[in-house]
There are 4 protein chains.
Amino acid sequence: MCPRSAERFEQIKDERRRALLRAARVVFGRKGFAAAKIADIAAQAGISHGLVYHYYPEKESLFSATIDASVEGWDTLMELTRAQGGTPWDRLVYVCGQMIAGLREEPEHLLMTVHVYAEDASPGLRDVLRRFRLRVIGDLEELIQEGQRAGQVEQRASAELSRALVAIVQGLAINRLVEPDAPLPPLDVVLRILKS
Amino acid sequence: MCPRSAERFEQIKDERRRALLRAARVVFGRKGFAAAKIADIAAQAGISHGLVYHYYPEKESLFSATIDASVEGWDTLMELTRAQGGTPWDRLVYVCGQMIAGLREEPEHLLMTVHVYAEDASPGLRDVLRRFRLRVIGDLEELIQEGQRAGQVEQRASAELSRALVAIVQGLAINRLVEPDAPLPPLDVVLRILKS
Amino acid sequence: MCPRSAERFEQIKDERRRALLRAARVVFGRKGFAAAKIADIAAQAGISHGLVYHYYPEKESLFSATIDASVEGWDTLMELTRAQGGTPWDRLVYVCGQMIAGLREEPEHLLMTVHVYAEDASPGLRDVLRRFRLRVIGDLEELIQEGQRAGQVEQRASAELSRALVAIVQGLAINRLVEPDAPLPPLDVVLRILKS
Amino acid sequence: MCPRSAERFEQIKDERRRALLRAARVVFGRKGFAAAKIADIAAQAGISHGLVYHYYPEKESLFSATIDASVEGWDTLMELTRAQGGTPWDRLVYVCGQMIAGLREEPEHLLMTVHVYAEDASPGLRDVLRRFRLRVIGDLEELIQEGQRAGQVEQRASAELSRALVAIVQGLAINRLVEPDAPLPPLDVVLRILKS
DNA sequence: TATGAATGAGCATTCATTCAT
DNA sequence: CATGAATGAATGCTCATTCAT
């Protein structure tokens, strides 16, 4: 009724939506799309499963939104990275460092990708994920090419280097889930991939 | 009754069992445990879904058997590797080369692991997979330690190096599934991880 | 929110649960555990088969609950019987009269027992039923012993007499199901078993 | 080829058929029609499940044949009973004695009846069983009427007395299966039903 | 005949989705 | 908005029945 409460309303709604997305990322990341139950996600978010459908009309939309949030997160990271001063190598160190730090806290973030190549995932889902993947790979490739121009990264097919980098980060995410207490290799080991 | 037909019988049975395992590896590898339908696997193997239960009493047993086959495959590879002449580094080159070649043909092999860390996977499944993982990591670590003693691998925590190696291979397996036509990075890029 | 509706909620839930139990008793009693389909029971209760699982997590639990309800019914009857004035014989007349009257309305009640001696019924089920049986037999035996002390029942092994009594009642229940219109023998014929 | 072996052949076939029927009676009696598996029966008879279909084209025929065998057994008992000298009461003692003795060895015999009143048992099955039941009840009723004419059985509706007699015997069969070691009440307790 | 591999219809159970409260 | 009861399509698994050997 009064604007105050309407605002407050929106606030609550937004908060809840964010909480829901966080919960969805965790559960989807851990179990994949098929094995994740709406009820699991609702429980993780602390709401009833019926309420989920007030925010997202179906499981797939929720999943898509989760990816979208990850994309946003990635875009933010890339902006920060580009705003970083220093050499191209410094920027590579920064972005990889952030990715690995992210693994520690939320390995689910980068695992989302793993779960949707399934042949019978709806084409929509596959596309959404594929695009995310290609964006990450593309952004990293750009940084790598800058590094190559600066002579800080070896002169090899940048597409391969970028994919190798993504591969190791995803692989470490898996490791993180299977053995949460195993040590992650230090950043410089990961970055060696780019040095001849 | 006659030995000829009894033999033939067993042969056919064995062949089918192998075909079933192959089909199961492909489908489980692509979709994970929850999303893989027995009917999918049966179709992939060219048999009716009912027949699957003549060979394995339940989905989980089939999954376990699939892992067991992967373990055997790995053991064979390790034997071949150890039988390889040359320096420790040569052996590392050999085993990683084989793993990456395997990715080209059957990326499912190394992906099996990805799908079972789910919190609600039956403890049995999780154990089976965890053991497989630890075996691979352990075997590779041994090779790495030999390489360290020979001065061919950097003197860093061999556990971390081994996990980084497994991570990149698994990450590449994922990449293979998502983008089957993307190029895999060459072997020496992968092995750089072990060199300071 | 408001207590009125919450109460009403619980009421409806309870009603439905009772309706489900009644339906389950009828169907299990008629068909036995294996032959009774959840869909039959749901149809009999006027609900969808999926909803059954909101109330009982599996067929066996529903069956157990059905037995539990029968046990309660029996306990109530025994309380009424013990509250009955008169001689021990009067009480035997009362309880047997009620059992036979029950046969007319719901022969399923006493038939539940018949269906679970199967060798491969889960041990849980068998136990639940065995306990019910022994309770009935034990309670009747007690009444019989009182009758014996009062000289109203013949001085023979009360365990055998009790079992003979249960046997005839169960046998009549079967008769009731097979020939719903055949006459039940009058009470005094049944009670003769206890008189020398 | 030669008549000797052809005969022998028939013999073996007949023996097997009898063994199969015996096995079927045991398993059907214990588990009912729905819960009894062809494989169970075959195992009990010591043959492969496929072979069952050489003797009976389907589960229902096997069940019918089992009933037929029971009918035959009953007819034989009735012939023996009628051939028995003495008073009508002596004959009743004889036939009930045999029934109770049968309970000790093969309680399944009289339990067959219990399992087929199910609403969705095929009408054919229900009829077959109903006829068996009515035959037993009718034969006993005849004996009871003889007893009544001889003044040895009370002058009450013979149909009810007959059904009460069958009821107690069936009830005892159930008891036998649930508690194989519980004592059966002695014959005279059972026969009291017929005495005023 | 005798075996057991193979098929497919049927049933228990799960879970996304809807909707009355 | 929020809840959880209700529905029904989908999937694991069983088992009667068929059939190649």
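Quantities reported herein were computed from a predicted structural model and do not represent experimental measurements. Proteins get letters first, then strands, A, B, ... in listed order; numbering begins at 1 in each.
E:dT17 atom C1' lies 12 Å from atom NE2 of A:His54, rounded to whole Å. Between the CG atom of B:Leu20 and the P atom of E:dA5 there is a distance of 13 Å, given to the nearest Å. Counting to the nearest Å, the C1' atom of F:dC13 and the CG atom of B:Asp40 are 16 Å from each other. Distance, D:His49 NE2 to F:dC19 C1': 11 Å, rounded to whole Å. Summarising the geometry, the separation between CG on B:Leu51 and C1' on E:dA9 is reported as 16 Å, rounded to the nearest angstrom. Atom CD1 of D:Ile38 and atom C1' of E:dA6 are 17 Å apart (whole Å). Taking atom CD on B:Glu60 and atom C1' on F:dT11, their separation rounds to 15 Å, with Å as the unit. What separates NZ of A:Lys59 from C1' of E:dT14 is a distance of 11 Å, to the nearest Å.
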Pair C:Ile67-C:Phe28, side-chain contact (heavy atoms from CB on, under 4.5 Å): steps then yes or no: CA-CA 10 Å; C:Ile67 301 292; C:Phe28 280 136; over 6 Å; no
Applying side-chain contact (heavy atoms from CB on, under 4.5 Å) to C:Lys37 and C:Ile41, what does each step give before you reach the verdict? CA-CA 7 Å; C:Lys37 298 175 228 165; C:Ile41 296 171; over 6 Å; no
Can you list the steps and then say if D:Arg16 with D:Leu51 is a side-chain contact (heavy atoms from CB on, under 4.5 Å)? CA-CA 10 Å; D:Arg16 226 194 262 287; D:Leu51 192 49; 4.2 Å; yes
A:Leu129 and A:Arg126: side-chain contact (heavy atoms from CB on, under 4.5 Å), yes or no, with the steps? CA-CA 5 Å; A:Leu129 260 184; A:Arg126 297 176 73 186; 6.0 Å; no
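Nearest nucleotide to the side chain of B:Tyr53, out of F:dC13, F:dT17, E:dT7: F:dC13.
Applying the salt bridge (Lys or Arg N to Asp or Glu O under 4.0 Å) test to pairs two or more places apart or on separate chains, none has a residue in residues 44-68 of chain B.
Using a 4.0 Å heavy-atom criterion, one finds that D:Ala36 contacts the sugar-phosphate atoms exclusively. Residue C:Ala42 is classed as having no contact, given no heavy-atom separation below 4.0 Å to the nucleic acid.
Checking the phosphate oxygens (OP1, OP2) of E:dT1, a side-chain nitrogen or oxygen of D:Lys13 falls inside 4.0 Å. The side chain of D:Arg16 places no N or O atom within less than 4.0 Å of a non-bridging phosphate oxygen (OP1 or OP2) of E:dT1. Taking 4.0 angstrom as the limit, C:Tyr55 places a side-chain polar atom (N or O) nearer than this to OP1 or OP2 of F:dA6.
Nearer to the 5' terminus of DNA chain F, by closest-nucleotide assignment, is the contact made by A:Ser48 (compared with the other of B:Gly50 and A:Ser48). Nearest-nucleotide positions on DNA chain F for C:Ile47 and A:Ile47 put A:Ile47 closer to the 5' end.
Evaluation of the side-chain contact (heavy atoms from CB on, under 4.5 Å) rule for C:Tyr56 yields C:Arg17, C:Leu20, C:Leu21, C:Ser61, C:Leu62, C:Ala65 as partners, not counting sequence neighbours.
Using cut-offs of 30° and 60° on the angle between ring planes, the pair A:Phe63 and A:Phe33 is perpendicular.
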Wobble G-U and Watson-Crick pairs count when both distances are under 3.5 Å; given that, what is the 5' to 3' dot-bracket string of DNA chain E, with | for pairing to other strands? .||||||||||||||||||||
